[in-house]
Asks: 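Before anything else, here's the structure in question.
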Amino acid sequence: MAYFESINKIKYEGAKSTNPFAYKYYNPEEVINGKTMEEILRFSVAYWHTFNADGSDPFGVGTAIRPWDHLKGLDLAKARVEAAFEFFEKLDVPFFAFHDVDIAPEGSTLKETNENLDVIVSMIQDYMKTSKTKLLWNTANMFTNPRYTHGAATSPNADVFAYSAAKVKKGLEVAKELGAENYVFWGGREGYETLLNTDMKLEQDNLARFFHMAVDYAKEIGLNVPFLIEPKPKEPTKHQYDFDVATGLAFLQKYDLTDYFKFNIEANHATLAGHSFEHELRTARINGMLGSVDANQGDTLLGWDTDEFPTDLYTNTLAMYEILKNGGLGQGGLNFDAKVRRGSFDTEDLFHAHIAGMDAFAIGLKVANKLIEDKVLDNFIEERYSSFTKGIGLDIVEGKTNFRELEAYALQLTEIKNTSGRTERLKALINQYLLETL
Ligand code: XUL
Ligand code: CO
């Protein structure tokens, strides 16, 4: 059965195309610096937003019209798998990602939940035999069910810790079975509401114990993929332990976990943390910790995680700049952790949204690549820091000086001359590249 009957395979038709169901800029076969766009961008469809979300919000019920709406339970789960693989094929997308509860309904016991998962996982496995679409990552949803009210691995209740361990154990097994390229940990409720009732040290120690057990189990079953922490500062908890990349990195370093973990950086989580998307990517990149990306965008007028499709060309360009400078995303990808707006309730909007995001990132890729090729920022930055390539600056960098010598140097300085940072000139250059590159 076809779920998206009226829609044909989405093809690249070029910027002049007026066909809404065509890529205008994303040309999977186009080679950029020896790699195809498909290989560089590694787009992924987020199962939860595309096949589960119904457009409901805290003020209203779902609005989405979906061809699987009439089904329930395992039948619904199976229909979603069928629809998903049709969608992946029509979009010609290389990856997808899911939470355990997205693909199969929870049973009344853990055993029943695992049995439901087994049914759907083996169905997905069958589809994957003939589909080109691979699993970028899976994860365990440890935030929706009321048992996680006070956290999962950071719950004050040891039973919840144990239950969560069982969920991740199963998740790692599923990752192995489906050949996942990564495994993600988003600490949805791993944080706290008030210190009045919280043992912060024990909670963080427990989270580290949990991660070490996950590392051990992955080794035991031969699952050799990066584990990815997805930082987010708040929502649903007030204070989340994986606030941002810098906080997450300090945690991983303190608990000796840096060999196994990298970061999955989400644009809207970065902005919620008071950073730009590119700041978080840069922080991860310069520390060798950039694993994957949840590609979306927030809304500067709203203070929450709006998970919009990433259509902002400026941001996507600066994000792709970091990704290219990182030498790509390795086993990571650009996962559209993004949902259509509540008012975009037609099934075809799912296609429009992904086409919009893919084209906008393809533009970002091309512009970023040209900026790097022409060394637009590199040359400026090299010149800006040139005082550290000679004289006293070189001595500082090479560790050949000390406070006494620096004082002597400073005392004989008659004048300190700074040069302009040229922010506005650089912004104008980026605009010029954005308009002229394509
Ligand atoms: C929530 C979020 C999650 C993670 C996976 O803000 O981003 O969907 O990506 O649990
Ligand atoms: Co996310």
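Atoms within each ligand, like the ligands themselves, are counted from 1 in listed order.
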Asks: Do the charged groups of E190 and K232 touch, with an N to O distance under 4.0 Å?
Replies: no

Asks: Looking at E38 and K132, is there a salt bridge between them, counting it only when a charged N and a carboxylate O are closer than 4.0 Å?
Replies: yes

Asks: How would you list, by chain and number, the residues with a heavy atom under 4.0 angstrom from ligand 1?
Replies: W48, H99, W137, W186, E230, K232, E266, H269, D294, D305, D337

Asks: For D299, is there an ion pair with R341 - N to carboxylate O distance below 4.0 angstrom?
Replies: no

Asks: Can a side-chain donor-acceptor contact be found between D102 and H99 if the only test is distance below 3.5 angstrom?
Replies: yes

Asks: Taking 2.8 Å as the distance threshold, tell me the number of protein N/O/S atoms next to the Co ion (ligand 2).
Replies: 4

Asks: Between D216 and K219, does any side-chain N to carboxylate O distance fall below 4.0 Å?
Replies: no

Asks: Looking at T271, T315, N268, which one forms a side chain to side chain contact (heavy atoms under 4.5 Å, CB included) with F277?
Replies: T315

Asks: Which one of D294, T133, N335 satisfies the side chain to side chain donor-acceptor pair (under 3.5 Å) criterion with S44?
Replies: N335

Asks: So, R80 and D75, do they make that salt bridge, N to O below 4.0 Å?
Replies: no

Asks: Strictly below 4.0 Å, N to O, side chains only: are K366 and E30 in salt-bridge contact?
Replies: yes

